Amino acid sequence: MIRVWLVVLMVLSNGFSSNGIGMDNFTIPDYVNIGVLYSFNTSVGRIVKIAIEAAVEDINSDPSILSKTKLKVSLQEDSKYRGFLSIAEALQLMATHTVAIIGPQTSTTAHVISHIANELQVPLLSFSATDPTLSSLQFPFFIRTAFSDIYQMTAIADLVKFYGWREVIAVYGDDDHGRNGMGALGDKLAERRCKISFKARMNPEATREEITDVLVQVALAESRVIVLHTSTAWGPKVFSVAKSLGMMENGYVWIATNFLSTRLDIDSPLSSDVMDEIQGVITLRMYIPDSEHKRLFTSRWKNLISGKTANGSLGLSTYGIFAYDTVYVLARALDTFFKQGNQITFSFDSKLSQLRGDNMHLDAVKIFNEGKLLCKSIYEVNMTGVSGPFKYTTDGDIVNPAYEIINVIGTGTRRVGYWSNFSGLSIVPPETLYSKPPSRSSVSQKLLTVIWPGETVEKPRGWVFPNNGRLLKIGVPTRVSYHQFVSQVQGTDMFQGFCIDVFLSAINLLPYAVPYKFIPYGDGQRNPSNTELLRLITSGVFDAAVGDITITTERTKMVDFTQPYIESGLVVVAAVKTTESNAWAFFTPFTPMMWTVTAIFFLVVGAVVWILEHRLNDDFRGPPRKQIITTLWFSFSTMFFAHRENTVSTLGRFVLLIWLFVVLIINSSYTASLTSILTVQQLSSPIKGIESLINSKEPIGYLQGSFTRNYLIGEIGIDESRLIPLKTAEESTKALEKGPRKGGIAAYVDERAYIELFLSSQCGFTVVGQEFTRNGWGFAFPRDSPLAVDMSTAILELAENGDLQRIHDKWLLNRACLSQGEKFEVDRLNLKSFWGLYLLCGSACLLALFIYLIQTLKQYNKHCPMEPEPSSGQGSSRSSHFRTFLSFADEKEEIVKRRSKRRQMERISYRSTSEVGSSISNTEYCQSSLNRIDSTNEV
C-alpha cells in the first residue's frame with residue numbers, strides 16, 4: 001500500500017529537482033540539509049519557527065559543534081496538517097537530500113509520514129506528536145524529543161486516584177492523537193481500579209452545534225470528572241460550550257491535557273471572558289526544571305520575538321523550548337556521526353526503480369543510507385539543554401518525565417504540585433526527590449489546595465445520580481419464609497421488612513435524590529438464590545439488590561457491598577431434652593482431673609505443714625499413728641477452715657496462708673457451680689456443634705436459596721447427599737422433631753439472624769456449639785459503584801444515631817422462648833481454670849521446704865558436729881551421718897538448744913580436759929541419737 005502512495009505522490013511532485021549536496025568526494029560536508037515540517041501559521045508553529053531558527057543560528061556560530069559543517073534548514077509549511085497534502089509536503093523535504101526532518105505538528109500526520117520515513121530511512125524528530133503508539137517498533141525512524149502522552153495519562157490517573165474518584169468521562173477528538181491517548185488513559189486507570197465510564201468522541205473539526213450535542217450527553221451521565229484531550233485549535237470551544245450548558249459549576253471536575261497550558265503560556269494574558277470559561281480547571285504542563293540555561297533563554301525570548309508578534313502575543317511555551325533542544329540534539333548526533341568516520345550518502349530505492357519515468361522524476365527521492373547510524377547517534381545523545389538533562393532510556397523515551405499540575409484561578413494560574421514518573425504527586429520539584437528512594441505510598445502523595453469549578457475548595461464528590469429520568473432497578477428477593485426481613489405487600493408492588501426499612505432510612509440520608517424502583521425476584525414458591533440475583537447485577541438486569549443478602553468471598557468478586565447492617569454467622573440448631581439431676585450431682589461441678597489434683601494438694605499441703613511444724617509445735621508431735629491422723633485431719637479440715645491445730649513457725653503460717661486462699665477460691669467456685677446445676681434446668685443433645693456433624697453421617701437441613709449449602713460442601717467438606725433443603729420454618733420444625741431415624745434431620749444449619757426468629761417460638765430446640773462463620777448482610781451494587789460508598793456512610797450514620805437499633809427492635813425484637821433461659825448441658829470446672837492457683841501454692845510449698853532445710857542443716861552443723869572415724873568405712877560413715885541427721889530433725893528444737901547450752905557449761909567447768917570431754921560428750925550425744933533412730937524410721 002505504501003508503494004501506491006509513493007507513486008501517487010511522485011506524480012504530485014513533478015517539479016522536484018535534485019538539489020542535494022555532493023557527498024561522494026567529501027568525508028565531512030560543508031553543510032547538512034535538515035527539514036522542518038510544521039504548520040507555521042498557528043500560534044504554536046510561530047513559536048517553533050522562532051526557536052528552531054535561533055537554535056540553528058547558535059549552532060552554526062559555535063565551532064565546538066559540527067566544527068566547520070553548517071546546518072541548512074528547509075522550512076516546509078504543513079498547511080493541511082491533518083490532510084493528504086502533508087504527505088506531499090514531507091516528500092518535498094526528502095527530495096532535497098534531507099538527513100532528518102523535525103516535525104510534524106500532529107500525531108495524525110506523524111503516523112502517515114513515519115511510513116515514508118521508514119521507507120527512505122530518514123529520522124523523524126518530533127516534540128509535539130505525543131501519541132504513545134508512535135513509540136512502537138513499527139516506526140523505528142520516529143524519534144520523540146518530548147514526553148510521551150503515556151506519562152501525561154499516568155499523571156491524570158494518579159490524580160483521579162489521589163482524590164478518590166472511580167470513574168471519569170473522556171472527551172477527545174476522534175483521531176489518532178485522541179483515540180490512542182484515551183486508550184493509554186484507560187489502561188492506567190484500570191491499573192488503579194478506576195475506569196472511563198463514558199467516551200465522548202468528537203470530530204476534530206467539530207462545529208459548536210456538534211460539540212453541544214456531545215456535551216449534553218456528558219451532562220446526563222453519572223460521572224462529573226471530565227478529562228478533555230484535544231488540540232489548542234478547538235479545545236477552547238469545548239469550554240465555551242460547557243460554560244453555556246452550566247457544566248463549569250460546583251460539582252464538576254475538568255482535567256485538561258497540556259493543550260490548555262500551552263495556550264495559557266502562548267496567548268497570556270487571555271481575555272476575561274475566556275478566563276471565566278476555564279475557572280477551576282486543572283491542566284498539565286511539561287515540567288522544565290529551573291536552570292541557568294532556562295533563565296537565559298527566557299530572558300532572550302523577548303528579543304527573539306521582537307517584530308514577529310503582529311498576529312498577537314507569543315509567550316514562550318514548552319514546545320518552543322523542546323523545539324530549540326531538538327535542533328541541538330540533532331546537531332550533537334551529527335557531530336558524533338561524523339567523528340565516527342561516517343559519511344552521508346543517498347541511493348535509489350530498488351523497489352521504485354521499475355517505476356521510474358521521465359515525467360515522474362523519482363530520482364529526486366532517495367534513501368538515506370546512513371539513516372540507521374544517525375538514529376543510533378541520536379539515541380546516544382547525553383546533554384543538558386534548556387529543558388534540562390536530555391537522555392534517552394532503553395525504551396526510546398526521555399529520562400525523568402515530569403509535569404506541573406496547574407489550577408486556573410481568577411485571571412491567571414497557580415501551580416498546586418508536580419507529577420513525576422519517579423515519585424508520583426508531590427509539592428516539591430521532582431529533581432529534589434531523585435536522590436531519595438522512590439516512594440509511591442499514599443502518605444507521600446501530596447498536592448496543594450485546589451479551587452474547583454464553582455469557586456469551592458471542597459473536593460467534589462465526582463459523580464451524581466444521572467438525571468436522565470431513568471429509575472434505579474433494585475432487585476428484591478421474594479422469600480417464602482422469615483417475612484420479618486423482607487416481603488412484598490400483598491396486591492401491591494411495595495415491599496416491607498427490616499432490610500427494606502434499613503435501605504429506605506439510609507437512602508434518605510444521601511445528599512442527593514436517588515429515583516428507584518423495587519423489582520421482585522423469585523417465583524414466590526421457593527426461596528430464590530441470592531447468588532443468581534447478584535449475577536443479574538453484573539449482566540445489567542438490575543442496578544442493585546436489597547434484601548437478606550449475605551456478604552461472602554465469592555459474591556464480593558461479582559459486586560460491591562455496602563457496610564454490613566446486621567451480623568449473621570452460621571450456627572447449628574438441634575433438638576434437646578431436659579436432663580434431671582441425680583444423687584451424685586455434687587460430684588458434677590469438678591472434672592475427675594480437678595478432683596484428683598485437689599485431693600493430692602490437700603495431702604501435700606498437710607505433709608508440708610507437718611514438716612515445718614514438727615520440731616516446734618507439740619500439736620504435730622507424738623506417736624507416729626497420732627501424727628498421721630493429725631496430719632490428715634489438719635489437711636482436710638482446712639477445706640472448711642475448721643482446723644484446730646495452731647501453726648507457730650513462720651514458714652508454716654506462710655504456706656497455710658497461701659493454701660487457705662486457694663481453698664477459698666475452690667470453695668466459692670464449687671458452690672456457684674453446684675448451685676447452678678441444682679437450680680437451673682439442664683438441656684442435652686447428642687449434637688455438640690459443627691464438629692459433631694462433620695464426624696457423623698446423619699442428614700443436615702439448611703434454608704433453601706441461602707449460601708449455606710455451598711459453604712457446607714465447599715468449605716466444611718460435608719457430602720451433598722446429607723443436605724436437605726427446607727423452605728420454611730415450619731418444615732424445619734417438623735424435620736427436627738422427626739429426627740434422622742424417622743426421615744427427619746439431626747441438625748439444622750442457618751444464619752443466626754434467622755435462627756433467633758426461629759427459636760423465639762420453638763422451645764424444643766437450641767443452638768449447639770459456637771458460631772462457625774463471621775458474616776453480615778449488605779446491599780449490593782455494581783463493581784466500583786460510588787453509590788455503594790455513600791450508602792455505607794449512611795448505614796454507619798444510622799448505627800451511630802441509634803436508628804439502626806430501633807429498626808431492629810421494630811421487626812426482630814420478639815419474646816424469647818422460656819427454654820432459651822435454660823442451660824445447655826453442664827459447664828464443669830476443669831484444671832485449666834485453676835492451674836495458676838495450684839502453681840502458686842506448689843511454689844510456696846517448695847520455697848518453704850527449701851528454707852526449712854537450709855535452717856535445719858545450719859542447726860545440725862552447729863549443735864552436732866561430726867568427727868572423722870578412721871576405723872569405719874566410707875559407706876558406713878555416710879549412713880551414720882544421715883541417720884544422725886534424721887534423729888536431729890525429729891527431735892524438738894527446744895531440747896536440742898537446751899542440751900547444747902548444757903554442754904557449753906560443762907566445757908567451761910572442765911577446761912583442763914576440754915578435748916577429752918568434748919569428744920566424750922559428742923560421742924554420747926550422737927550415740928543417744930542413734931538409739932532413737934528406730935522410732936524415726938517407724939514414722
Side-chain angles (χ1 to χ4, degrees), residues 474 476-490 494-509 518 520 522 527-528 530 533 545-552 561-573 701-708 726-733 736 748-768 770-780 791-792 794-822:
I474 301 177
V476 182
T478 53
R479 309 190 60 86
V480 296
S481 60
Y482 303 114
H483 291 162
Q484 293 92 331
F485 292 106
V486 59
S487 64
Q488 188 172 7
V489 180
Q490 191 70 24
M494 300 176 61
F495 286 82
Q496 63 181 5
F498 170 73
C499 302
I500 300 299
D501 280 6
V502 172
F503 176 79
L504 296 177
S505 299
I507 209 165
N508 288 335
L509 293 176
F518 289 136
N527 294 322
N530 286 336
L533 172 60
V546 172
D548 45 353
I549 304 173
T550 306
I551 303 173
T552 65
F561 283 96
T562 61
Q563 174 80 13
Y565 56 87
I566 186 173
E567 300 295 331
S568 184
L570 290 178
V571 294
V572 179
V573 174
Y702 69 94
L703 185 63
Q704 185 186 59
S706 71
F707 80 102
T708 307
L726 302 170
K727 297 180 182 179
T728 63
E730 291 74 18
E731 288 187 8
S732 304
T733 301
L736 285 170
Y748 176 61
V749 179
D750 208 344
E751 298 181 69
R752 180 170 289 277
Y754 298 135
I755 295 303
E756 289 177 354
L757 281 178
F758 176 74
L759 295 180
S760 65
S761 59
Q762 302 297 329
C763 300
F765 314 113
T766 190
V767 175
V768 293
Q770 300 295 322
E771 187 174 327
F772 57 94
T773 65
R774 292 290 184 270
N775 301 102
W777 292 356
F779 305 129
M791 286 293 289
S792 295
I795 290 172
L796 291 175
E797 186 175 347
L798 288 176
E800 292 173 357
N801 61 26
D803 288 345
L804 189 60
Q805 184 62 42
R806 283 188 285 272
I807 297 173
H808 177 276
D809 295 344
K810 172 185 175 182
W811 291 98
L812 306 179
L813 186 61
N814 295 318
R815 187 175 68 88
C817 179
L818 295 177
S819 66
Q820 301 306 308
E822 299 172 359

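If you're wondering where the values come from, they're calculated on a predicted model, not measured in any experiment. For this chain, numbers begin at 1 and follow the sequence in order.
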Nearest 0.5 Å, please: how far is [atom2] in [Y] from [atom1] in [X]?
X	Y	atom1	atom2	result
Thr728	Tyr482	OG1	OH	8.5 Å
Leu509	Glu797	CG	CD	4.5 Å
Ile795	Gln563	CD1	CD	7.0 Å
Asn801	Arg806	CG	CZ	6.5 Å
Leu504	Gln496	CG	CD	11.5 Å
Thr552	Phe561	OG1	CZ	6.0 Å

Note to self: When you compare the side chain of Leu759 with that of Val767, does any pair of heavy atoms fall below 4.5 Å?
What the structure shows: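 The answer is yes; the side chains approach within 4.5 Å.
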
Taking side chain to side chain contact (heavy atoms under 4.5 Å, CB included) as the test, write out the residues that go with [X], two or more places apart.
X	result
Ser732	Leu726, Tyr748, Phe758
Gln805	His808, Asp809
Pro528	Pro477, Tyr521
Glu567	Pro564

[X] and [Y]: which non-hydrogen atoms are nearest, and at how many Å?
X	Y	answer
Arg479	His483	O-NE2, 3.2 Å
Ser568	Ala753	OG-N, 3.2 Å
Leu570	Thr773	N-OG1, 2.7 Å
Asn527	Ser481	ND2-OG, 3.6 Å
Ala506	Leu798	N-CD1, 3.7 Å
Lys727	Val480	O-CG2, 3.9 Å

Next item on the list: Quick one: sort the Phe498 and Tyr565 rings into parallel, tilted or perpendicular, breaks at 30° and 60°.
Entry: tilted

Check: Taking only residues two or more places apart in sequence or in another chain, which ones pass salt bridge (Lys or Arg N to Asp or Glu O under 4.0 Å) with Lys810?
Finding: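 Once residues adjacent in sequence are excluded, the partners of Lys810 under the salt bridge (Lys or Arg N to Asp or Glu O under 4.0 Å) criterion are Asp501.
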
Margin query: Can you list everything that forms a salt bridge (Lys or Arg N to Asp or Glu O under 4.0 Å) with Asp750? Sequence neighbours excluded, please.
Written below: none

Item checked: Stepwise side-chain contact (heavy atoms from CB on, under 4.5 Å) test for Asn775 and Phe707 -> CA-CA 11 Å; Asn775 301 102; Phe707 80 102; 3.7 Å; yes

Margin query: Are Phe495 and Phe503 an aromatic pair, judged by ring center distance below 6.0 Å?
Written below: no

Notebook entry, point to check: Do the side chain of Ser505 and the main chain of Val502 share a donor and acceptor less than 3.5 angstrom apart?
Noted result: no

Check: side-chain contact (heavy atoms from CB on, under 4.5 Å) between Leu812 and Ile566: does it pass, once the steps are laid out?
Finding: CA-CA 12 Å; Leu812 306 179; Ile566 186 173; 4.2 Å; yes

Next item on the list: Start with the C-alpha distance between Thr550 and Asn530, add both sets of side-chain angles, then the distance that settles side-chain contact (heavy atoms from CB on, under 4.5 Å), and finish with yes or no.
Entry: CA-CA 8 Å; Thr550 306; Asn530 286 336; 5.8 Å; no

Next item on the list: Answer with yes or no whether the side chains of Ser706 and Glu751 bring together a donor and an acceptor at under 3.5 Å.
Entry: no

